[in-house]
Amino acid sequence: MTSLAEAAVATPRPWLRNLALPAASLVFAALVLVAWEFVPPALGVPKYIVPRVSDLLLEMARMGRQENLLAHVVSTGSMAVLGFALGALFGAVCGYLLGLSPLWERVLSPYILALQIAPKVAFAPLFIMWFGYNAWPKLIVTVLVVFFPILVNVLQAMHTADRDQVNLARAYSMSPAQVFWKVLFPSSMPSLLAGLRIGATLAVIGITVGELLGGEVGLGYLITFGEGQANTAMVFNAIFLLTIIGIAMYGAVAWVEARVLHYIPRVEH
Amino acid sequence: MAAAVALELDRVSRRFATRGSGLFTAIEALAFSVRAGEFVSVVGPSGCGKSTILNLVAGLDRPSSGRVLLNGLPVTGPSTHVGFMLQKDLLLPWRSIARNVEFGLEARPMPRAERRARAQQELQRCRLSELADRYPFQLSGGQRQRAALARTLAIEPDIVLLDEPFSALDSQTKLLLQRSFAQTIAGAGITTLLITHDLVEAVSMSDRVLVMSERPGRIVEEIVVDLPHRDDPIARRPLPRAQDLMTHLFDALHLADRTDA
């Protein structure tokens with residue numbers, strides 16, 4: 001069995017084939033950008049509706065010089081990471097606690113479901129009224145948005161943990177704490193990390209909504225600012241940068257996931 | 001010494017409350033004992049309460065009446081004197097094989113180095129040393145069961161409970177693994193209770209076979225397998241006397257089925 005697996009790994013792969021796919025993706029991106037640059041002007045679409053790619057680049061450079069762009073990017077990025085970290089921590093802790101106490105879970109589950117369905121970003125104006133135009137409202141919205149998918153994923157993992165593995169640990173006279181740390185917690189890792197991946201992308205949405213509604217800093221603020229000036233290019237650029245932040249966070253979680261879940265065989269296509 | 005009783009079930013019954021008001025009797029006044037170093041198999045039709053016996057002896061469940069005695073002491077909860085193994089190997093996928101073998105030892109106050117050494121020793125006995133750093137997904141079904149046995153023996157239990165450990169394997173792997181287990185168990189001189197529905201397996205591996213009836217489970221027959229090669233089921237299987245016992249068991253089980261039908 002192992003010799004078969006080793007043989008599959010040892011088979012040399014032509015480097016050309018490994019590069020073919022990324023190359024195709026890049027060619028596709030280049031085609032889209034070229035079309036974006038030339039098609040809208042050819043159809044007579046004005047710049048303030050769809051700016052050209054070159055306009056976006058020029059506007060990006062101007063934003064960097066005149067709008068303190070770096071500070072906005074750093075603010076949004078750091079707030080997204082902080083909100084994600086706090087939301088993930090609370091979500092995971094609550095998920096494990098509820099998973100360990102079925103009674104509390106049954107008592108609270110209707111409310112958890114209701115809060116999970118409620119559009120969390122709609123709470124943002126409320127938080128602004130309570131806490132004012134500062135960092136708190138957007139941070140709380142982000143924490144709330146990240147909290148639920150992670151809570152639900154962890155809870156699910158606690159339910160589906162292998163009862164026989166738990167019994168095995170109990171048969172070895174392990175304490176409840178040992179059963180948790182040695183069996184339940186590690187067996188929840190795949191679900192927790194899947195939750196974190198979802199949370200990483202939602203964090204950017206949470207922070208953006210918070211910034212759109214209040215405050216004078218962040219890429220969300222630049223979107224409303226650009227909108228007020230009818231500066232379409234600025235809006236496009238801010239969206240682009242928000243996407244980059246989201247991809248970076250997602251990538252970081254995926255990187256951690258690949259290392260933590262090394263023991264799960266990956267399916268080769 | 002050899003005659004000392006390691007495990008005794010003293011008129012043990014286990015009833016479960018069913019949905020509604022009824023009581024469901026899994027085993028009824030079950031009585032048997034296993035001597036130290038003996039290899040005893042329990043065979044019976046499916047649903048005769050074999051797994052209930054295992055849970056009672058492992059201390060994961062309590063009898064409704066009667067007593068389960070281990071080395072003369074009543075079983076009141078999970079104990080480090082019992083090792084058990086199921087059809088599922090229950091290896092933790094996030095741990096290497098060596099760390100899986102260490103798992104049972106982690107419940108004890110024991111220095112890490114000693115635990116490591118103990119696991120290495122057990123891996124060697126189960127001929128798994130070269131797989132110590134692999135992860136469960138990299139092993140074949142038979143290798144995984146051997147690793148599970150190593151984990152079970154690592155805690156140096158007084159008795160090992162095997163609940164159909166070979167039933168999920170293909171027939172060739174099964175034969176080789178039965179021999180591997182028989183050698184390891186004979187070498188360690190450990191008391192073993194094997195729960196199985198495979199009559200051939202029961203005769204070729206044990207000193208004694210207990211036949212259970214359908215639910216509620218009772219012992220309907222006891223067969224002493226007085227044959228050589230307990231450490232090699234492949235050699236014992238073709239013996240004419242073994243064949244006779246297998247045929248006899250087949251009939252016994254068939255009869256047991258009828259009386260309870």
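Proteins come first, then strands; the chains are lettered A, B, ... in the order of their sequence lines, and each starts at number 1. Every heavy atom of this structure was used, including side-chain atoms; hydrogens, water molecules and symmetry mates were not.
- Within 6.0 Å of atom CD in B:Q172, 12 or fewer heavy atoms from other residues, nucleotides or ligands are found, so the atom counts as exposed in its surroundings.
- In this structure, the side chains of A:Y172 and B:V82 stay at 4.5 Å or more apart for every pair of heavy atoms.
- More than 12 heavy atoms of other residues, nucleotides or ligands shown are found within 6.0 angstrom of CZ on B:F24.
- Side chain of B:Q138 to backbone of A:Y263: no donor-acceptor contact under 3.5 angstrom is found.
- Heavy atoms of B:L91 lying under 4.5 Å from chain A belong exclusively to its backbone.
- In this structure, the side chains of B:F103 and A:M174 come closer than 4.5 Å at one or more pairs of heavy atoms.
- For B:S79, the part lying under 4.5 angstrom from a heavy atom of chain A is the backbone only.
- The parts of B:F84 that come within reach of chain A are both its backbone and its side chain, each placing non-hydrogen atoms under 4.5 angstrom from that chain.
- When heavy atoms are compared at a cutoff of 4.5 Å, B:L86 approaches chain A solely by way of its side chain, counted from C-beta outward.
- Residues A:P265 and B:Y135 have side chains not in contact (no heavy-atom distance under 4.5 Å, counting atoms from C-beta outward).
- The residue from B:K88, B:M85, B:R151 that alone fulfils the side chain to side chain contact (heavy atoms under 4.5 Å, CB included) condition with A:L168 is B:R151.
- No other option in B:A58, B:G83, B:P93 has as many heavy-atom pairs under 4.5 Å with chain A as B:P93.
- Neither the backbone nor the side chain of A:S175 comes within less than 4.5 Å of any heavy atom of chain B.
- Only the side chain of B:R95 comes within less than 4.5 Å of a heavy atom of chain A; its backbone N, CA, C and O stay farther away.
- Contact residues of residues 157-167 of chain A toward chain B are A:D162, A:D164, A:Q165, A:N167 (heavy-atom distance under 4.5 Å).
- Between B:L92 and A:K182 there is no side-chain heavy-atom pair separated by less than 4.5 Å.
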